[in-house]
Amino acid sequence: MANKRNELGLAKEGLKQRFLATAHILWGSDFADLTSHEVYATIAAVVKQYISENWVKTNKAYTKRRDKQIYYFSIEFLLGRLMRSNLVNLGEMELFSDALEELGVNLDEVFPEEPDAGLGNGGLGRLAACFIDSMASLGLPGHGCSIRYQYGLFEQKIIKGNQVEIPDNWLGNGFEWEYRKADKAVNVKFNGNAYMKEEEDGSLSLVHEDYMTVMAVPYDVPIVGFRNNTVNTLRLWNAEVNRDFSDYGTMTREQIQAKKEYRNFVESITEYLYPDDSSYEGRRLRLIQEYFFVSAGVQSIVRHYLLAGMDIKDFAKKIAIHINDTHPAVAVAELMRILVDEERMDWEEAWEITRETMAYTNHTIMPEALEKWPIDMFRPLLPRIYMIVEEINRRHLEEVRRRFPNGEQMVHELSIIEDGQVHMARLAIVGSHSVNGVAAIHTDILKKDTLKFFHRYYPTKFNNKTNGITHRRWLIGANPELTALIDETIGDAWQKAPDQLSHLNDHVTDKAFLAELSKIKRLRKVDLSDYIHTHGGILVDPDMIFDVQVKRIHSYKRQIMNILHIMYLYHELKTNKRFRIPPTARFFGGKAAPGYYIAKETIRLINAVADKVNNDKAVSDMLKVVFIENFGVSIGEIVYPAADISEQISTASKEASGTGNMKFMMNGALTLGTLDGANVEISQAVGREHCEIFGLRAEEVLNYYATGSYKAWDEYNTNPAVRLVVSQLVDGTYGDFHSLRDYLIQGNDEFFVLKDFSAYDRAHKNMNRKYEDQAAWLKSSAINIANSGVFSSDRTIKEYADDIWHVKPAIIV
Ligand code: 26Y
């Protein structure tokens with residue numbers, strides 16, 4: 001131990017010297033004279049020195065050993081900030097923080113200088129970010145492929161209770177973790193004419209002419225594994241005009257105009273992230289984004305593969321490509337194009353390789369979010385790709401008809417091209433060897449309902465991979481005191497093997513342990529309370545129950561039910577002298593898609609209720625309502641660890657998995673939720689006594705949809721509490737919310753808010769009762785942490801690696 005300290009001491013001196021030297025190199029200034037942002041950039045540069053050696057080593061090892069490589073294609077990677085997680089994964093947090101302290105810098109104050117990389121909307125994008133962290137940490141040769149959006153998800157400001165969207169210029173002060181690789185650029189072709197031409201020898205070859213070329217330039221971000229010397233790569237593609245594009249000197253006015261239009265087109269491709277994760281709209285630019293990053297990614301994989309001297313026939317043995325939702329589904333056709341047109345392979349052989357290479361994850365059963373592109377848009381933009389999709393479909397339907405001779409319904413249900421549209425989920429399913437859902441119940445619904453015809457057709461392709469989250473960011477990084485307590489209690493082996501958190505089950509009645517747990521929860525509540533206060537919000541007493549719902553604002557997630565319930569409590573507190581609740585703060589956070597009217601009205605209602613309740617002295621010791629502005633990864637790191645109650649109240653069958661539920665659980669919150677998505681598995685893992693489950697079950701919901709027998713109006717008329725709060729939407733108590741009343745009543749409450757209202761109220765009452773018995777509560781909290789190991793994305797990624805990708809960890813020495 002003394003020895004280790006000595007080494008650390010020595011290392012610390014060396015590190016301090018490096019900071020000083022790096023400040024000179026980067027800024028020509030003394031470290032002590034740097035601005036906060038310069039201090040951040042200097043530290044990042046030193047962290048990169050630590051990362052880069054292993055990055056080189058990892059890439060060399062992969063090439064030399066010819067390990068099978070996985071490429072995770074996702075149109076979103078919601079990374080958040082990287083410095084803290086890089087230091088956690090390098091295992092150098094203590095060293096850096098000590099060295100910097102001696103230079104007068106508090107590392108925790110440096111982290112917020114980093115822009116929060118918001119290259120995603122929500123769950124799907126954050127899942128991709130957790131997955132690449134797990135791949136690196138398990139020593140798997142797995143990389144990400146996506147888009148370098150110039151603007152990430154908008155910043156949310158609340159002005160007079162309304163959401164206002166501010167462009168997120170996250171690259172404004174530079175992004176320290178990216179490496180531009182100009183010499184690895186590839187060209188992506190759009191538009192033009194494609195057709196087959198007969199050669200003199202009678203063979204057919206492809207002609208694609210009059211196309212437009214966009215240069216795709218990769219920016220690589222190192223992805224650091226957890227204390228294992230592995231550094232993988234996230235490759236973000238940027239659209240740029242061609243290099244030879246500058247000379248206007250000899251051009252006509254028309255040519256100059258055409259070039260300007262070309263430049264505008266190219267610059268628009270990677271300009272911004274679509275801020276909508278709810279309803280699909282056939283926007284041409286989105287299709288362009290999809291093909292842009294997919295084509296660039298697949299081309300660069302093939303190019304690198306061939307340069308390494310490997311045989312294209314072995315491609316599927318050495319490469320796995322994962323399609324994260326349908327957005328990258330065009331990868332199926334792009335790989336076919338490269339194999340057939342460029343590598344001149346037979347169709348059959350190319351098809352077998354493609355299917356063996358590709359795997360697809362579905363993240364939704366909501367039909368309005370499924371991508372379908374009108375042929376009239378698809379074909380002119382991607383003429384060769386469209387030909388390939390047609391050919392894939394022709395052969396696919398030939399097979400369908402062979403297997404189902406009189407199955408015209410099967411043909412319609414399974415056809416990739418149908419009703420003048422290209423169905424991307426169908427392309428992904430036909431072109432992959434594996435199709436998975438993201439939680440047990442979700443996969444069941446896919447098989448029985450949404451994709452039942454495909455499941456009948458390809459029964460063995462379907463499998464479940466329940467989502468997970470990286471415990472390194474969401475526990476070790478976000479809650480260091482809890483991490484230290486766990487280490488003291490069961491040792492630190494769980495950090496590499498999170499299933500070992502289960503050893504905490506031996507301590508859930510240990511009073512000293514529970515007392516520490518309670519102290520740490522209070523610390524985190526103080527942190528959140530301070531955060532809210534310093535960011536212009538109200539003062540929240542950390543001794544209140546912290547009940548939290550943070551996630552995108554969406555009707556199916558039912559933030560409306562939550563706020564209506566608060567309106568009910570407030571009314572009771574005001575009118576019923578005997579009505580009591582334990583002092584509670586109800587927190588909300590999340591962004592609404594800019595064009596999603598009901599979601600924005602929900603935000604306005606939450607803020608209107610908050611305004612009234614928080615300013616009412618008669619109840620303010622009992623009830624507080626807080627809307628946390630601009631919720632995202634970084635604010636999440638403060639919020640999840642501070643919660644007592646995790647609100648997971650989506651209409652059963654609608655939330656594919658949820659992953660926030662896991663972040664709360666891992667930090668000791670109790671779930672109050674429906675049997676939807678991963679809540680089902682969470683409730684099984686902890687036991688029904690250690691969470692609170694309520695409301696309609698998925699079968700009941702699906703049955704109501706099938707029979708059309710639910711009548712919101714009846715609910716309104718027969719349930720006095722419901723009638724009260726719905727009336728308050730329009731009687732001026734909180735302002736005019738006809739929008740929401742009409743949505744619930746005229747719109748017949750498509751997500752059963754009114755139907756589940758009373759069950760939701762009872763669930764809260766049960767939670768409150770439980771909270772009053774602090775010993776029982778803390779035990780439940782501990783049980784949640786102890787059983788959260790299976791929800792580490794390490795478990796999820798191991799399953800993908802074993803069952804879908806067939807890859808093994810590579811040890812980097
Ligand atoms: C096509 C467009 C409208 C679109 C853009 C983004 C459609 C969907 C999305 C994003 C969807 C998403 O985030 N889905 C969530 O994926 C998580 C990870 O699997 C799940 O936990 C969560 O339940 C699901 O809603």
Side-chain angles (χ1 to χ4, degrees), residues 72 74-78 118-131 146-147 149 153 272-287 289-290 322-330 360-373 422-425 428 436-443 445-446 450 464-470 550-558 590-591 593-596 599 632-633 648-665 673-674 676-682 698 751 791 793 796-797 800:
Y72 196 86
S74 177
I75 202 160
E76 305 189 348
F77 275 85
L78 189 43
L119 309 184
N121 274 284
L124 170 147
R126 183 55 230 175
L127 186 76
C130 285
F131 278 7
S146 190
I147 295 174
Y149 300 103
L153 186 62
Y272 76 98
L273 167 85
Y274 274 94
D276 197 341
D277 66 346
S278 47
S279 69
Y280 158 78
E281 245 185 296
R283 292 290 186 84
R284 192 163 166 270
L285 183 56
R286 187 194 273 274
L287 179 58
Q289 289 185 334
E290 292 178 357
H322 205 90
I323 300 174
N324 192 32
D325 216 273
T326 55
H327 322 128
V330 69
Y360 157 62
T361 299
N362 172 292
H363 295 264
T364 186
I365 61 157
M366 307 262 295
E368 64 268 32
L370 288 180
E371 287 188 300
K372 304 178 206 66
W373 297 106
V422 184
H423 289 235
M424 301 309 272
N436 74 280
V438 291
I441 185 178
H442 168 61
T443 302
I445 295 172
L446 289 180
T450 323
N464 176 247
K465 295 285 168 282
T466 298
N467 282 168
I469 55 162
T470 168
V550 284
K551 49 183 79 246
R552 286 299 288 261
I553 312 294
H554 202 296
S555 303
Y556 83 81
K557 297 179 189 279
R558 300 200 292 192
K591 296 177 185 179
Y596 192 166
V633 174
Q648 306 299 336
I649 59 177
S650 55
T651 310
S653 80
K654 294 293 174 182
E655 188 71 272
S657 164
T659 44
N661 45 6
M662 303 168 185
K663 296 165 198 169
F664 281 113
M665 173 198 194
T674 49
D676 198 16
N679 301 350
V680 176
E681 289 152 86
I682 288 176
F751 296 113
F791 300 107
S793 44
T796 314
I797 286 297
Y800 277 89

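Ligands are counted one by one from 1 in listed order, and the atoms in each one are counted from 1 as well. Start at 1 with the first residue, then count along the sequence. Please read these numbers as outputs of a predicted model, since none were measured by experiment.
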Original post:
Do any nitrogen or oxygen atoms of E655 come within less than 3.5 Å of a nitrogen or oxygen of ligand 1?
Top reply: yes
**OP:** Scan side-chain atoms only and decide if T361 and N436 contain a donor-acceptor pair under the 3.5 Å cut-off.
**Re:** yes
**OP:** Please indicate whether any nitrogen or oxygen in G658 is less than 3.5 Å from any nitrogen or oxygen in ligand 1.
**Re:** yes
Subject >> Short side-chain to backbone donor-acceptor contact, N464 and A439, under 3.5 Å >> reply: yes
Original post:
Nearest protein heavy-atom contact for atom 7 (C) of ligand 1: which residue, which atom, what distance?
Top reply: H327 NE2, 3.9 Å
Original post:
Does N121 have a heavy atom less than 4.0 Å from any atom of ligand 1?
Top reply: no
Original post:
What protein heavy atom sits nearest atom 10 (C) of ligand 1, and how far off is it?
Top reply: D277 CB, 3.8 Å
Original post:
Between F77 and Y72, what is the ring plane arrangement, given parallel below 30°, perpendicular above 60°, and tilted in between?
Top reply: perpendicular
Original post:
Any idea which atoms of ligand 1 are less than 4.0 Å away from a heavy-atom of Y280?
Top reply: 3 (C)
Original post:
Do S793 side-chain atoms and I469 backbone N/O form a donor-acceptor pair below 3.5 Å?
Top reply: yes
Original post:
Hey, does H363 come in under 3.5 Å of ligand 1, counting only N/O atoms on both sides?
Top reply: yes
Subject >> Exam field: side chain T674 to backbone T651, donor-acceptor pair closer than 3.5 Å >> reply: no
**OP:** Below 4.0 angstrom from a heavy atom of R286, which ligand 1 atoms are there? Numbered from 1 as shown, please.
**Re:** 2 (C)
**OP:** Could you say whether the N/O atoms of S657 and ligand 1 ever approach to under 3.5 Å?
**Re:** yes
Original post:
Near Y556, which atoms of ligand 1 are under 4.0 Å from a heavy atom of that residue?
Top reply: 25 (O)
Subject >> Heavy-atom donor-acceptor pair, E655 side chain to Y556 backbone, under 3.5 Å >> reply: no
**OP:** Report yes or no: do D277 and H554 form a side-chain donor-acceptor pair below 3.5 Å?
**Re:** no
**OP:** Indicate, with yes or no, if the rings of H322 and Y800 have centres closer together than 6.0 Å.
**Re:** yes
Original post:
To which of D276, N467, T326 does the heavy atom nearest atom 18 (C) of ligand 1 belong?
Top reply: N467
Original post:
Has the side chain of N324 got a donor or acceptor atom that lies under 3.5 Å from a matching backbone atom of A128?
Top reply: no
Original post:
Which atoms of ligand 1 have any heavy atom of A656 under 4.0 Å away?
Top reply: 23 (O)
Subject >> Options S278, G123, S279, ranked by nearest heavy atom to atom 17 (C) of ligand 1, top entry >> reply: G123
Subject >> Backbone or side-chain N or O of L124 under 3.5 Å from ligand 1 N or O >> reply: yes
